[in-house]
Amino acid sequence: MARMSQQPARWSQATVYPDMWTDPDDDPRNSDGAGPEGELATLLDFLAGYRMTLAMKCEGLDPEQLARRSVPPSTMSLLGLVRHLAEVERDWHNWLRDGDPLPSLYSEDDGDFLGAVAEQAVVDSAFADLAREQAAADAALAEYPDLDERLEKDGIAVREMMVHRIEEYARHCGHADLLRECVDGRVGQ
């Protein structure tokens with residue numbers, strides 16, 4: 001009798017490059033032609049690419065798989081990352097707006113990860129929260145087209161905020177690679 005492994009077999013949808021997530025011709029992050037022109041357009045393009053990468057890492061998984069914590073004692077999961085990034089987008093929006101900060105979406109004590117439970121309503125809410133907070137932060141940041149401008153709160157330059165946003169998504173896409181591979185063996189790129 002064959003023993004079942006606790007480790008999923010590694011797999012990929014790619015056929016041309018089997019160590020990639022998807023073949024380059026099928027990758028929605030790739031576009032034909034020249035890249036964006038200018039620094040702001042380039043930063044926005046990289047941000048959009050990492051956002052799409054996170055969405056791709058979560059694609060096709062059910063609530064249990066999205067909420068699965070794969071490296072105990074960590075509370076990190078793909079769903080937790082989605083919730084965390086929604087909270088982070090809200091924080092960036094708070095840096096850009098006047099008045100009192102918007103309240104946290106989840107609890108102050110790691111609620112974005114601990115609250116990431118395997119329920120469809122929680123999954124739907126997390127993805128809706130992320131889309132809404134991304135749109136709000138993007139709209140607020142669009143009011144500051146000068147990358148050298150310093151924001152009144154904290155004196156951070158718009159450029160620094162954009163780079164930090166990209167860094168946040170890039171780091172968490174690395175986590176998402178490992179989390180997804182632990183869930184079903186799918187390897188990332």
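Count residues from 1 along the sequence.
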Item to check | Separation of E160 CD from E167 CD (nearest 0.5 Å) | outcome: 11.0 Å

Item to check | Under the ring-ring contact (aromatic ring centres under 6.0 Å, His included) test, residues paired with H175 that sit two or more places apart | outcome: H172

Item to check | From CA spacing to verdict: side chain to side chain contact (heavy atoms under 4.5 Å, CB included), L44, M162 | outcome: CA-CA 8 Å; L44 291 170; M162 286 298 300; 3.5 Å; yes

Checklist entry - Rounded to the nearest 0.5 Å, how far does CZ of F113 lie from CG of L81? => result 5.0 Å

Checklist entry - Looking at CG of D146 and CG of L40, how far apart are the two atoms once the value is rounded to the nearest 0.5 Å? => result 10.0 Å

Next on the checklist: Using side-chain heavy atoms (C-beta onward) and a distance below 4.5 Å, is L179 in contact with M76?
Outcome noted: yes

Checklist entry - Looking at residues at least two apart in the chain, or sitting in another chain, which of them share a salt bridge (Lys or Arg N to Asp or Glu O under 4.0 Å) with D148? => result R159

Next on the checklist: Quick check against the 3.5 Å criterion: does E89 have a side-chain atom that pairs as donor or acceptor with the backbone of A86?
Outcome noted: no

Checklist entry - Is the backbone of P103 close enough, under 3.5 Å, to the side chain of R90 for a donor and an acceptor to pair up by distance? => result yes

Would you give me the side-chain donor-acceptor pairs under 3.5 Å for residues 114-129, sequence neighbours excluded?
residue : atom : partner : partner atom : Å
Q120    : NE2  : D124    : OD1          : 2.8
D129    : OD1  : R132    : NH1          : 3.1
D129    : OD1  : R132    : NH2          : 3.2
D129    : OD2  : Y106    : OH           : 2.7

Checklist entry - With sequence neighbours excluded, what pairs up with D45 under the salt bridge (Lys or Arg N to Asp or Glu O under 4.0 Å) test? => result none

Checklist entry - What residues form a salt bridge (Lys or Arg N to Asp or Glu O under 4.0 Å) with R68, not counting sequence neighbours? => result E64

Checklist entry - Is a donor on one side and an acceptor on the other found under 3.5 Å between the side chain of E149 and the backbone of V158? => result no

Next on the checklist: What I'd like to find out is whether the side chain of S74 reaches to under 4.5 Å of the side chain of R69, using heavy atoms alone.
Outcome noted: no

Next on the checklist: Contact between R165 and L141 at the side-chain level, heavy atoms closer than 4.5 Å - yes or no?
Outcome noted: yes

Checklist entry - With E168, which residues qualify under salt bridge (Lys or Arg N to Asp or Glu O under 4.0 Å), at least two apart? => result R171

Next on the checklist: Nearest 0.5 Å, please: how far is CG in D100 from CG in N94?
Outcome noted: 9.5 Å

Next on the checklist: Rounded to the nearest 0.5 Å, what separates atom CG in L66 from atom CG in L61?
Outcome noted: 5.0 Å

Checklist outcome for this item: The reported gap from CG in L151 to CH2 in W92 (rounded to nearest 0.5 angstrom) is 13.5 Å

Checklist outcome for this item: For R150 and G155 the tightest heavy-atom approach is NH1-O, 2.8 Å

Checklist entry - Quick one: does M161's side chain get under 4.5 Å of L96's, heavy atoms only? => result yes

